[in-house]
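Structure first, commentary second.
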There are 2 protein chains.
Amino acid sequence: MTKPEEAPDNTSLHFRVADILRDKITYGELAPRMRLTERVLCEELNVSRTPLREALKTLASEGLVELLQNRGAMVTAMTLADTAQTFEVLSVLEGLSGELACARADEAAVAGLRQLHEAMGACYRAGDREGYFELNQTIHARLFLLAGNPVLLATHDKLNLRLRRARYFANVSQSRWDSAMAEHEQIMAALEARNGKRLRLLLEEHIRNKCDSVIAALLSSGAIRAIGSSAAPLPAPKRREAAGRSR
Amino acid sequence: MTKPEEAPDNTSLHFRVADILRDKITYGELAPRMRLTERVLCEELNVSRTPLREALKTLASEGLVELLQNRGAMVTAMTLADTAQTFEVLSVLEGLSGELACARADEAAVAGLRQLHEAMGACYRAGDREGYFELNQTIHARLFLLAGNPVLLATHDKLNLRLRRARYFANVSQSRWDSAMAEHEQIMAALEARNGKRLRLLLEEHIRNKCDSVIAALLSSGAIRAIGSSAAPLPAPKRREAAGRSR
DNA sequence: TATTTCATGGTTGTCTCCAATATATTCTGA
DNA sequence: TCAGAATATATTGGAGACAACCATGAAATA
């Protein structure tokens, strides 16, 4: 009865399946290190094996699942090391986006960002975490758009996807929120001053700080293993009584 | 029944098929904008549709082919804009690899790089383009390894894959070769001095210069369309709306 | 000439086989 | 009792047939 999200887009099925699985992984419905068996997913999503397998291949090349030889797929483990390393790469991408945006954005675009920034400041002062988070995402995404480099955008999006999981589990502290807001003030100022080099450094530092805070939050919440050790046992195979399998 | 490449690796077939197609795209056997029909490829590679389709999905998410709605796959066009944008991203990744390697590589590794560098210098003085190219690749790859960030390495490799095509078609000028060698001298010096910031800047500049020379070579050889214009049979499909936020 | 209709080839999705492999279970011998 | 071998079972990998759908271009019509 559960069609794949009831989305009769003209997009192909394997694409929609990949989308659904991406979300399930991001929001923890498919937990890290969980084994994905084709038959179960097929029944759950109500699709046949072919598009499902194609979707899994896509997700594998995106780094969201790992393909095991003759053992199917497993949701990629979210290790501390991996998170930190992804942030490390992300920081230079973010820096580049700032520098390029500085050089390429027109005045109207900068003014638009200022507006978003002010709105975000209002959320901050009102203690509206939800709204702040949303606008924060929008601002960073807008910078990547203004950078005018689709390759940069795509690269960032793909890496960011893997961090969405971590960000979803992490709840940043109040003190980090304070300093993040302050950093955004400086970021806006650098952009308006068209100081590309400075904006780049600010953004890199901003992401590094965000990395630290996310990792701290993950560690304290216990949502992540401190070290990427694979001491995690695979989920015990659920006892399945094959009804009436005559032989 | 002949296997595709008589390579009975323990890797799955879709993986090997993706590898083969990657190479064919890199070396122009499958030209940019060429339509890929499943039936033809199946016969050519002597595989069935299942692994082929899975491989195509993988290549699509790597940006080497584009999937068209109900019209199969097409080798991604190699436009000037795309090449320049990819180099733009690559330069900051390369810079990051240098900075990290500076901080994390031990003395033995640096000495090893010095050896490679000297060997490359010998090739340069001997006019051995082939050997130079090979060692140059090795040195840059080694830097990424020493950076100790697998995410960075994977991201770089994926982007670099798309440029291998351009590099293959481009033949750099002698003057560019001269300055590239000089830049490598500085790069080695900065690494040995453990000057991470400087190494980062040098590498970024190095890649920017390489970009300019590759593009110049491509333009003069006529192997690439000057502008990403689609005077080609198919309509340009990738156009992201600027302001509209959704997703 | 412009528009509509229609035939065709290719892709997409589903299904059914079968082989190869990994995992679980039972059996055997010390 | 327990380790290791042998067997059984489940799952993935791959091949191929089939139907449905879509894009495209040619033919027919106004």
Side-chain angles (χ1 to χ4, degrees), chain A residues 3-21 33-60 65-75 230 233-247, chain B residues 1-21 33-60 65-75 232-237:
Chain A
K3 285 287 180 65
E5 289 308 321
E6 221 53 75
D9 299 7
N10 37 5
T11 59
S12 337
L13 193 48
H14 66 88
F15 192 79
R16 272 178 285 159
V17 169
D19 263 355
I20 294 172
L21 291 180
R33 294 185 170 278
M34 179 182 280
R35 271 283 292 280
L36 303 177
T37 65
E38 293 181 358
R39 193 183 45 75
V40 173
L41 285 180
C42 283
E43 285 172 8
E44 199 166 327
L45 300 178
N46 206 29
V47 298
S48 73
R49 280 179 71 202
T50 309
L52 178 78
R53 282 168 63 172
E54 290 169 356
L56 285 180
K57 274 22 168 216
T58 298
L59 294 178
V65 308
E66 239 169 288
L67 298 180
L68 309 167
Q69 190 70 224
N70 290 311
R71 276 181 300 162
M74 181 186 79
V75 179
S230 51
L234 291 175
K238 40 278 176 227
R239 255 277 170 241
R240 294 178 16 76
E241 50 282 17
R245 264 291 190 192
S246 66
R247 165 139 298 240
Chain B
M1 188 83 88
T2 55
K3 291 287 179 62
E5 286 294 330
E6 223 49 80
D9 299 5
N10 38 5
T11 59
S12 356
L13 194 47
H14 68 88
F15 192 77
R16 272 178 285 158
V17 168
D19 264 356
I20 295 172
L21 291 180
R33 292 185 171 278
M34 178 182 279
R35 275 283 291 279
L36 302 177
T37 64
E38 292 182 356
R39 192 181 44 78
V40 174
L41 286 180
C42 283
E43 285 172 8
E44 199 167 328
L45 301 177
N46 205 30
V47 300
S48 75
R49 283 181 59 216
T50 310
L52 178 77
R53 285 173 60 177
E54 290 169 356
L56 284 180
K57 268 52 173 187
T58 298
L59 294 178
V65 309
E66 243 168 283
L67 298 181
L68 309 167
Q69 192 65 229
N70 290 312
R71 277 181 298 164
M74 181 187 78
V75 179
L234 288 168

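Remember, predicted model here, so these are calculated numbers, not experimental data. Labels below follow one simple rule: chain letters A, B, ... track the order of the sequence lines, proteins then strands, and each chain is numbered from 1.
- When the side-chain contact (heavy atoms from CB on, under 4.5 Å) test is applied to R39(B), the partners found at least two apart in sequence or on another chain are E43(B).
- The distance from atom CG of L41(A) to atom CG of N46(A), rounded to the nearest 0.5 Å, is 12.5 Å.
- Side-chain atoms of V47(A) lie closest to dT14(C) of the nucleotides dT12(C), dT14(C), dG10(C).
- Rounded to a whole Å, the NZ atom of K57(B) is 16 Å from the P atom of dG13(D).
- Along DNA chain C, the nucleotide nearest R39(B) and the nucleotide nearest E54(A) are compared for position; the residue whose nucleotide lies closer to the 5' end is R39(B).
- Note that CZ of R53(A) and CD of E54(B) are 4.5 Å apart. Values are rounded to the nearest 0.5 Å.
- Rounded to a whole Å, the CG atom of L56(A) is 13 Å from the C1' atom of dG13(D).
- Closest approach to the S48(A) side chain among dG14(D), dT12(C), dT14(C) is made by dT14(C) (side chain taken as heavy atoms from C-beta onward).
- Of the candidates dG14(D), dT14(C), dC22(D), the closest approach to any side-chain atom of N70(B) belongs to dC22(D).
- For the pair F15(A) and R49(A), both in contact range of DNA chain C, the more 5′-proximal nearest nucleotide belongs to F15(A).
- Atom OG1 of residue T58(A) and atom NZ of residue K57(B) lie 8.0 Å apart, to the nearest 0.5 angstrom.
- As judged by a 4.0 angstrom heavy-atom cut-off over every strand, L67(B) is placed among residues making no nucleic acid contact.
- Within 4.0 Å (heavy atoms only), R53(A) reaches at least one base atom of the nucleic acid.
- For the pair L13(B) CG and dA20(C) P, the interatomic distance rounds to 14 Å; values are reported in whole Å.
- Remark: P of dG13(D) and CD of Q69(A) are 8 Å apart, rounded to the nearest angstrom.
- Put simply, the side chain of R49(A) never gets that close to the backbone of C42(A): no donor and acceptor are under 3.5 Å apart.
- One interatomic measurement links the two molecules: CG of L45(A) to C1' of dG13(C), which rounds to 15 Å at whole-angstrom precision.
- At the heavy-atom level, E38(A) lies under 4.0 Å from the strands shown only through sugar-phosphate atoms.
- When rounded to the nearest whole Å, the span between CG of N46(A) and P of dG13(C) equals 14 Å.
- Among the protein residues, L36(B) comes within range of the sugar-phosphate backbone only, with heavy atoms under 4.0 Å from sugar or phosphate atoms but none that close to a base.
- In this structure, T50(B) does not reach the dG14(D) phosphate: none of its side-chain N or O atoms is under 4.0 Å from OP1 or OP2.
- Regarding contacts with the backbone of dT11(C), every side-chain N or O of R71(B) stays at 4.0 angstrom or more from both OP1 and OP2.
- The separation between L52(A) atom CG and dT12(C) atom P is 17 Å, rounded to whole Å.
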